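Written below as structure tokens is the structure these notes are about.
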Amino acid sequence: MKKTFQELKDIDVIYSKLSVDKDFANTKLGYAFKRFTEKNTQKIFTDFNEVLDGVRIDNALVDEKTKAILYNEDRRNYQFSKEGLKEVLKRNKEIAKEWEDKEFEVIPFICKDIPESVVLLDEEKELLEGVIINLNETK
């Protein structure tokens with residue numbers, strides 16, 4: 001089954017919303033979501049972030065002598081010139097647009113029962129159908 005990057009982001013938002021309830025992880029649906037994430041979206045999102053990181057590295061300021069990348073005081077963020085930061089923002093927007101409709105083969109993890117405590121909108125059910133849930137199959 002194929003899903004676009006945007007659909008996978010939307011599925012991740014649903015999972016995040018449902019995961020606020022600590023008991024959700026102990027349900028069959030919670031388990032199906034967890035397995036789907038582990039087998040599918042984690043790697044795809046990591047690949048996407050690596051592309052974005054490449055843009056940041058390419059535009060980061062470097063020390064003239066050592067050619068080492070310069071970091072902010074927090075040591076977690078690169079330093080950018082004004083032009084470099086503008087380029088990062090521009091390229092990030094382009095990359096996000098490029099990836100939006102990119103399709104990925106995913107492995108479904110189906111749960112046939114939705115706990116009564118879980119409320120899904122019709123659009124969410126439609127997005128999850130055949131990937132996480134299967135409401136069309138009789139029990």
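Keep in mind that what you see is a predicted model, and the values were worked out from it rather than measured. Values below: every heavy atom of this structure, side chains too, minus hydrogens, waters and symmetry copies.
I114 CD1 to L128 CG: the interatomic distance, rounded to the nearest 0.5 Å, is 8.0 Å.
The side chain to side chain donor-acceptor pair (under 3.5 Å) search around N49 returns none, not counting sequence neighbours. Every residue two or more places apart in sequence or in another chain was checked for a salt bridge (charged side-chain N to carboxylate O under 4.0 Å, His left out) with K125, and none qualifies. Among residues two or more places apart in sequence or in another chain, the salt bridge (charged side-chain N to carboxylate O under 4.0 Å, His left out) test is passed with E124 by K17. The side chain to side chain donor-acceptor pair (under 3.5 Å) check on K39 picks up nothing, with sequence neighbours excluded. For Y31, there are no ring-ring contact (aromatic ring centres under 6.0 Å, His included) partners, not counting sequence neighbours. When the ring-ring contact (aromatic ring centres under 6.0 Å, His included) test is applied to F48, the partners found at least two apart in sequence or on another chain are F5, W99. Residues passing the salt bridge (charged side-chain N to carboxylate O under 4.0 Å, His left out) test with E94 are R91, sequence neighbours excluded. For K67, the salt bridge (charged side-chain N to carboxylate O under 4.0 Å, His left out) test picks out no residue, with sequence neighbours left out.
The salt bridge (Lys or Arg N to Asp or Glu O under 4.0 Å) contacts involving residues 21-34 comprise K34-E38, where partners must be two or more places apart or lie in separate chains. Pairs of residues two or more places apart, or lying in two chains, never qualify as side chain to side chain donor-acceptor pair (under 3.5 Å) while including a residue from residues 101-111.
Residue L121 is found outside any hydrophobic cluster, as its side-chain heavy atoms come under 4.5 Å of no other Ile, Leu, Val, Met, Phe, Trp or Tyr.
Within 6.0 Å of the CD atom in E126, the count of heavy atoms belonging to other residues, nucleotides or ligands does not exceed 12.
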Under 3.5 Å, which donor-acceptor pairs link side chains of residues 50-62 to any protein atom two or more places apart or in another chain?
unit_1: D53; atom_1: OD1; unit_2: R56; atom_2: NH1; d: 3.3
unit_1: N59; atom_1: ND2; unit_2: V55; atom_2: O; d: 2.8

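Remark: the backbone N or O of R76 is paired with a side-chain donor or acceptor of D74 at under 3.5 angstrom.
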